[in-house]
Structure formats: structure tokens, C-alpha cells
Amino acid sequence: MHNINYIRSNSIEFDNAMKLRGESKISSKIIEIDKEKRETQTILQNLLAERNKISKKIGEIKSKNLDASAEMKNVDEIKTKINTLKELEQIKDNELNSILLRLPNIPHQSVPFGKDENDNTLYKEWGSKPNFNFEPKMHYEIGENMGLINFDLASKLSGSRFVVLKNQISKLERAISNFMLDKHTEENGYAEYSLPFLVKNESLIGTGQLPKFGEDLFTAGDEHWLIPTAEVPLTNLVRNEILNVNQLPIRSTSYTPCFRSEAGAAGKDTRGMLRQHQFTKVELVSIVEPEQSDQELERMLTCAESILKDLNIHYRIMTLCSGDMGFSASKTYDIEVWLPGEGKYREISSCSNCSDFQARRMNTRYKSNDKNIFVHTLNGSGLAVGRTLIAILENYQMEDGNVKIPEVLQKYFNNKTLL
RNA sequence: GGAGAGAUGGGUGAGUGGCUUAAACCACAGGUUUGCUAAACCUGCGAAGGAAGUAAUUCCUUCCGAGGGUUCGAAUCCCUCUCUCUCCGCCA
């Protein structure tokens, strides 16, 4: 959500920022509606003040047992006007909100301009592509050959874009999530949460999925949605709060399933478990003071990276261009992991600084020197567990079809070294 | 799922139609006093928005869980909903 005062006094900059994100010029319309709303408000408030005065007078007259019928008639006329103006104000307010709630965040000045993923720029790289003295397989070939990844069974249960994991690979998923949570809670300073996987509208409006992107989500009944990421419940923990400055920064993490209908992605990555309706993820969320959010994004990125470093898997980090960023983000880094079987880099984490965009939607502020200031929110995957599993299978595969267990995960397997 | 009781500022909590401009206490901030700490005393202290002004500031409106309604006037009365607590039932 955008600051209407900012739009009012920086309309050109605002239009330029929206243009970077593929939106059309809209500030003049916003300003016009806002002006009409405020004019309505002023008249309305004057009438309310008048009504209050007369009502008070009526009280005084009546307490003396005198006749107040003239005043009552007067107030009756004012009331009619008040009702009309109230409706008008409501209409203008709704109009304004429905526009503002659908406009994406303003890109950070360091974000490269671009249209789509081809314009993302390389930020940094770690490690190097591993060499195989055989033809490395895709993750699903490895898993299916072992009899531990099964898409047919999943489709019997639930249709396409689901997977059934078994025995050692199922256990690998569990080990990965434990490893990530242990790392983030014990070394990276995040507090662990277990959270609801069903949330209501307000939460999704808070983080920006609604009202615009409902078709990417699954619903559960009339009042709940399945979370597309733990970002939603983790960030909304502070919805409608005025925090104390000494509570900040808040760093929290949670391991949850994520549900995405991915309506727009039909036909993309249909093979394997790369793009599923349901997957698990360890999410990182930070709530910080505005001045801290730039450096907090770097910190968060480092925390996400630390997982891949410990797993010793090659990756690169891309700075997303203005046209490829998510709705709520002002700046996003994608960590892309190297998948030898596929021969491609694939997104395994996305770390975003949402500046005060979500905070305005959620109404989350902190008190500093007696002023209430909107916090900045950040979120990042730390990491997507399913895709980490894919990366391990493909990077740790052996010629005989088995897979080595990364050293840091061996303790979750009674120190075994092979799956 | 059934029956009952609740929801008031950062916290506790008073307020059952106009005397509330939401009391009081606690917490918090500033000050006074005392040799320091502590204590005592004084002062200040919710949020959102609008109007005027260069500004400090002043005036006004709204908000007592949410949304409707009654009334000249609602924290207070009525309706709907949400949540919390207690008891019962069911259940992992």
C-alpha cells in the first residue's frame, strides 16, 4: 500500500516508479479521488460538529423541561445531509483503496531496470559446477530408479503437480528441514514458530497476495485460504501492532507446507517435483526499522546462503530487475542453485525487502521518540526444502544410482554416508 | 457441538442514554527535592484523519472487539458477526 501523501507531493516520481513495474500513469486519478474524498470529509465534519453542538443544547433545554422542538427540527435537516455525505465519503474511500491495494511496491533505487527475468543481473556466485565422470541424471530419474519418488501415486491421490516420497528420500526431506531450522535458530538468530496453515483474507491483504492474486491460491471453505508461504502468517504476527523500538529487529522462521495453484504456470516444468501445488519451505522474516532494512536484506541473504554453503552446492545470486520482482518487494535477490542433471540454475530462494509496503497494509508501526513509524518487513526462503532435495539428489548422485548424504545432514541419518 | 460469562487506551479497570472532554491506578517520559540510588511530589502521556498557518500551534471529526440499527444525542439500548474465558459433550 502506498502513502497517499507521497503520491500527492511526488506524483511524477510515483508514476515513473509504477512505469518501471509495467503499470500505467495513475497518480492524477488517485489525486483527484483523494481530493474529492477530502472535500467531502471537510463538509461532513463541519456538519457533524454542528449536530453535536445542537444535540448538546437540546440536552440542556430538556433538562430544564423547556420546549426543544425548533432545535430538533433543525438537526433533522442536518442529519439528512450527513447521511448523503457519509455515503459519498465511503464511495470515494473505497474507490481510492481499490486502486491503491492493487499497485505494486516502488522499486529500490539500486534495482536494475528491466522487463522480465532476462534483465536480472548477476550479484554474486559461490563455488563451481561439479564435474561428473558420467552423465548426471535428473532428480526424478534418480528418485524413481530408487523407487522412492512416485508421481503416479500422487496423481492417483491428488492429480497432477503432487509427489509421493518414501523411505530414505522422505527422510531426507525431514533432515533438510531440521538442518535448516537448527541453523537459523541456533546460529542465525531467528525465533522458530509453528503456525496455522490456514489464514483469513486480512492476512493475505496484509502481505499483498490479495486482492489481486487470489487465483494463485487455494481456498479452504468460505473464510480460509491455504498459505502460499509462511511469509503470510509470520509477517502478519505483527499486524495491527504498535511495537516498542527495543523489540526490533524481530527475526522469525517457520517450517511449513506451501500451497500454490500457480494458475498462470500451466505447462511449465511439468516433469519432476520442481513446480508443485504443495511443497515445504523454511521461511525467514525480519521486521526492522526503516534505516536497517537495506543491510537486513544482505544479512538475510547471507543466512539463506549459509545453508547452501554448508551443503556445499554451487549457486549464484541474481538481483531481480524492476519487471521481474514480486508485487510487494522493493528489492529482491534470487538464489539460484546449480542442477547438474538439468544443466540449469534454478531458483531455490527469494529474499525481498518489502520496505514499508506490507507494514502500511498491515498497519504495523513502532514507537520511536513518541512517533509511530511504519516498520520495514523482509522475507526470504531459507530455503525451499523440495528444491533443496532436488539439488542434493542431482549434485550428490553417484554413477551406481545411489546418492551421497551431505556431511552436515549425516547426523540426521545415524551418521550414514549414503542414502 | 450445547450452556453461560465476557471484550473499554501500553497494562489493570470504572463507567447502564446528555455531568465523560473515557475516571482511577500501574507502566512510561520530563521536572522538583534529597549527598548518590531509591522514595516522594509536580507535569505530561492513545490512534487515525480533516481545516487554518511559513511555522511553533490552534480548531474540528472519528474510534470503547467488528458491522449494522434506534435516538436530537450511544462506550451505555437493539440486531448480526468475530474472538476470549468457564462448564458439558466429542476428539488426536
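Treat the numbers as computed from the prediction; the structure is a model and nothing was measured. All chains are named by letter (A, B, ...) in the order of the sequence lines, taking the proteins before the strands, and each is independently numbered beginning at 1.
The 5' end of RNA chain B is approached more closely, in terms of each residue's nearest nucleotide, by A:Glu60 than by the other of A:Ile242 and A:Glu60. In this structure, A:Asn46 and A:Asp76 both approach RNA chain B, and ranking their closest nucleotides by distance from the 5' end singles out A:Asn46.
Rounded to the nearest Å, the gap between the P atom of B:rC45 and that of B:rA29 is 16 Å. Here the separation of B:rA14 from B:rA3, taken at their C1' atoms, is 29 Å to the nearest Å. When the C1' atom is used for both B:rG44 and B:rC87, the distance is 46 Å, rounded to whole Å. On the C1' atoms, B:rA48 is 22 Å away from B:rC28, given to the nearest whole Å. Nucleotides B:rG69 and B:rG13, compared at atom P, are 32 Å apart to the nearest Å. If you take atom P in B:rG6 and the same atom in B:rG10, they sit 24 Å apart, rounded to whole Å. As rounded to the nearest Å, B:rG67 and B:rU62 have C1' atoms that lie 16 Å from one another. Separation of the C1' atoms belonging to B:rG46 and B:rC26 is 16 Å when rounded to the nearest angstrom.
Using a cutoff of 4.0 Å between basic side-chain nitrogens and carboxylate oxygens, A:Glu23 and A:Arg21 are not scored as salt-bridged. The pair A:Asp356-A:Arg360 meets the salt-bridge criterion, with a side-chain N (NZ, NE, NH1 or NH2) lying under 4.0 Å from an Asp/Glu carboxylate O.
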Can A:Lys344 and A:Leu339 be said to form a side-chain contact (heavy atoms from CB on, under 4.5 Å), step by step?
CA-CA 6 Å; A:Lys344 279 183 189 165; A:Leu339 298 182; 5.6 Å; no
What verdict does the side chain to side chain donor-acceptor pair (under 3.5 Å) test give for A:Ser330 and A:Asn105, after you've listed the backbone C-alpha separation in whole Å, the side-chain angles of each residue and the deciding distance to 0.1 Å?
CA-CA 6 Å; A:Ser330 74; A:Asn105 200 355; 4.5 Å; no
Side chain to side chain donor-acceptor pair (under 3.5 Å) between A:Thr40 and A:Glu89, intermediate numbers included
CA-CA 6 Å; A:Thr40 310; A:Glu89 192 202 8; over 6 Å; no
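Within the nucleic acid shown, A:Ile54 has no heavy atom closer than 4.0 Å to any nucleic acid atom. Within 4.0 Å (heavy atoms only), A:Gln41 reaches sugar-phosphate atoms of the nucleic acid but no base atom. Using a 4.0 Å heavy-atom cutoff across all strands shown, A:Lys62 reaches at least one base atom of the nucleic acid. Contact annotation for A:Asn363: no contact, since no heavy-atom pair falls under 4.0 Å across all strands.
Atom CG of A:Asn83 is separated from atom C1' of B:rU71 by 13 Å (rounded to the nearest Å). Rounded to whole Å, atom P of B:rG49 lies 9 Å from atom CG of A:Asn3. In this structure, A:Asp34 places its CG atom 9 Å from P of B:rA51, rounding to the nearest Å. A:Asn240 has its CG atom 15 Å from the P atom of B:rG65, to the nearest Å. Atom CG of A:Asn201 and atom C1' of B:rC81 are 15 Å apart (whole Å). The interatomic distance linking A:Glu89 (CD) with B:rA51 (P) rounds to 12 Å, in whole Å. Atom-to-atom, NZ of A:Lys200 to C1' of B:rG65 comes out at 11 Å; the value is rounded to the nearest Å. If you take CG of A:Leu47 and C1' of B:rA51, they are 14 Å apart, rounded to a whole angstrom.
Taking the six-membered ring where tryptophan is involved, the planes of A:Tyr123 and A:Tyr333 are essentially parallel, since the angle between them stays under 30° and well short of 60°.
Within the structure, every side-chain polar atom (N or O) of A:Asn74 is placed at least 4.0 Å from both OP1 and OP2 of B:rC72. Contact annotation: A:Arg38 side-chain N/O to B:rG49 OP1/OP2 distance is not under 4.0 Å. Put simply, A:Arg365 has a side-chain N or O that comes within less than 4.0 Å of OP1 or OP2 on B:rA48.
A distance of 6.0 Å or more separates the ring centres of A:Phe357 and A:His376. Taking the six-membered ring for Trp and the full ring otherwise, A:His2 and A:Phe14 have centroids separated by under 6.0 Å.
Using modelled atom types and a 3.5 Å distance limit, the side chains of A:Ser203 and A:Arg239 yield a donor-acceptor pair.
With rounding to the nearest 0.5 angstrom, the OG1 atom of A:Thr253 is 13.5 Å from the NZ atom of A:Lys183. To the nearest 0.5 Å, atom CG of residue A:Leu409 and atom CG of residue A:Asn178 are 10.0 Å apart.
Residue A:Leu48 places its side chain closer to B:rU61 than to any other of B:rA51, B:rU61, B:rG18. Across B:rA47, B:rG50, B:rC60, the shortest atom-to-atom separation from the side chain of A:Ala49 is found for B:rC60.
Taking 3.5 Å as the limit, the base of B:rG49 and the side chain of A:Gln45 contain a donor-acceptor pair of atoms between them.
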Dot-bracket for RNA chain B: what is it, with Watson-Crick or G-U pairs under 3.5 Å, [ ] where a pair crosses earlier ones, and | for a pair to another strand?
((((((((.[[[..)..(.....]]].(((((.......))))).(((((((....))))))).[[[[[..)....]]]]])))))))....
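No donor-acceptor pair under 3.5 Å is formed between the side chain of A:Arg346 and the backbone N or O of A:Trp338.
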What's touching nucleotides 73-75 of chain B from the protein side, N or O pairs under 3.5 Å?
unit_1: B:rG73; atom_1: OP2; unit_2: A:Lys79; atom_2: NZ; d: 3.4
unit_1: B:rG73; atom_1: O4'; unit_2: A:Ser55; atom_2: OG; d: 3.2

